[in-house]
2 protein chains.
Amino acid sequence: MEIEGRSARKRRAIVEAARTVFLRSGYAGASMDEVAALAEVSKQTVYKHFADKERLFTEIIVGDIKTTEERSDEIIESLPASDDIDGDLRALGRQIVVNVMQPRLVRLRRIIIGEVDRFPDVARTWFDSAPGRSYAMLADRFGTLHSRGLLHTPDPMLAAQHFLWLVLSIPMNKAMFEVDENPFTPEELERFADEGVRVFMAAYGR
Amino acid sequence: MEIEGRSARKRRAIVEAARTVFLRSGYAGASMDEVAALAEVSKQTVYKHFADKERLFTEIIVGDIKTTEERSDEIIESLPASDDIDGDLRALGRQIVVNVMQPRLVRLRRIIIGEVDRFPDVARTWFDSAPGRSYAMLADRFGTLHSRGLLHTPDPMLAAQHFLWLVLSIPMNKAMFEVDENPFTPEELERFADEGVRVFMAAYGR
DNA sequence: ACTGAGAACTGGACGGTCCAGTACTATGTT
DNA sequence: AACATAGTACTGGACCGTCCAGTTCTCAGT
């Protein structure tokens, strides 16, 4: 078993500290001294591992996005294919809303939106990965369900977007403007999911 | 007729310059020197009218929010009450999406989201005014239409939120992560509106 | 197991830059 | 005269990124 060397250990500490600091203070609000201090590492070491603040930010955020992406993939792939489409979608909607409304993700989203001008590539990566990939995976499922006659989704991509936003947009939009990243209880979130799915089924149900 | 005095004229120039600069560069990116230069005013004069950068920002942004609010009110109030609910809502949806997706408003939205931590009050003002007020006004209309049997919206507030986000969330979410604030043509936007209204009517019609 | 070389790290100082906000004098306006 | 503004220099502070002298770690070669 490979033991993590000193350099790798320091690097991990830096990444973790940077994640904390950037998520807490945003890009402009974060200082490299703060990162170094929290990582218990000298500033020089930070600059040995990362060329500058922009690259550190980019790596941290893109890393977080990838993690998020994997989790979302799991959730959508777990969508069962029972006869009870309505129940299946309700379960899916609940999982999605609870997952996406995690305070950490809400903060991440806010920071990326605030830095679109400075980091357009990060924003694009987020969009392709966070909602974009879910759109595509869900559209794929809806396409299948349509051809099996279980849903009426002739435009599966549009249906997928409608589904996700029916479930998410009310709490997400509110959270964008609240200091408290998740002002809803899990029960409230699940209600948003259920009501969203109800509307979805009225329009797209068999 | 009251002639605008010198002081008032300068103040207006400062406000306009500040609006331009803040919308272009955000709060942190904007500099007071830049504002003074664009307003063709000395920095001292800026500080004569506004105590500090934070207050200048707040006044500018809140002012813009109010303007937006009035425009939104007009649009929702113009919702006709004909027998053709479906057509009326489609017209409303189109107006809303085109109005809300103005590049200026999209930028404003991004800036406010990015500054939630520093300016929670501004964010709250935005939320209460921009989506919040529309929710309430629309919910009021839906309540009336429900009791007249023209819609089935027992929870008018929820229906109003579903309506607005069915129409808006797809383009708005994409625009949040694009450098180009409005990556859609008016035709595409209207299609989002129409499709959103279709889903809405399937769930809440009759 | 020992050693020596080189890489990585520390800690602190520091230059350079940017910028909010102030001070001060001269000029213009009412 | 009284007040507002211009113009400009200045202060104070934050912070990125660099530099350097001295220390610690790692690992290959013996």
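Just the heavy atoms: all of them, side chains too, but no hydrogens, waters or symmetry mates, feed the values below.
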Query raised in the report: In whole Å, what is the span from the NZ atom of B/Lys10 to the P atom of C/dT30?
Result: 11 Å
Query raised in the report: Is the count of non-hydrogen atoms from other residues, nucleotides or ligands lying under 6.0 Å from B/Glu54 atom CD greater than 12?
Result: yes
**Report entry** Residue-level proximity of residues 46-61 of chain A to DNA chain D when a heavy atom falls under 4.0 Å
**Finding:** A/Tyr47, A/Asp52, A/Lys53
**Report entry** Short N-O contact, B/Asp194 and B/Arg94, less than 4.0 angstrom
**Finding:** yes
Query raised in the report: Do the charged groups of A/Arg110 and A/Glu181 touch, with an N to O distance under 4.0 Å?
Result: yes
Query - Ion pair check, B/Glu195 and B/Arg198, cut-off under 4.0 Å - result: yes
Requested in this report: Over 60° means perpendicular and under 30° means parallel, so classify the ring planes of A/Phe177 and B/Phe127, tilted if in between.
Outcome: tilted
Are any protein N/O atoms closer than 3.5 Å to N/O atoms in nucleotides 23-25 of chain D? If there are, list each pair with its distance.
from: D/dC25; atom 1: O4'; to: A/Arg6; atom 2: NH1; distance (Å): 3.4

Query raised in the report: Which word best sums up how the rings of B/Phe200 and B/Phe163 line up, parallel for under 30°, tilted for 30 to 60°, or perpendicular for over 60°?
Result: perpendicular
Query raised in the report: Run the salt bridge (charged side-chain N to carboxylate O under 4.0 Å, His left out) check on B/Arg19 and B/Glu16 step by step: do they pass?
Result: CA-CA 5 Å; B/Arg19 179 160 30 236; B/Glu16 269 175 38; 5.6 Å; no
Report task. Scan A/Glu34 against the nucleic acid and name what it touches under 4.0 Å (heavy atoms): base, sugar-phosphate only, or nothing. Result -> nothing
Report summary line: Residue pair A/Gln44/A/Ala30 against DNA chain D: nearer the 5' end by closest nucleotide is A/Ala30
Query - Check: A/Lys43 side chain, D/dG17 base, donor-acceptor under 3.5 Å - result: yes
Requested in this report: Among the candidates D/dC16, D/dA6, C/dA20, find the nucleotide nearest to the side-chain atoms of B/Ser42.
Outcome: D/dA6
**Report entry** Length of the line joining A/Asp33:CG and D/dA14:C1', which is rounded to integer Å
**Finding:** 10 Å
Report summary line: Tested for side-chain contact (heavy atoms from CB on, under 4.5 Å) against A/Tyr204, the lone hit among A/Leu145, A/Leu89, A/Leu158 is A/Leu158
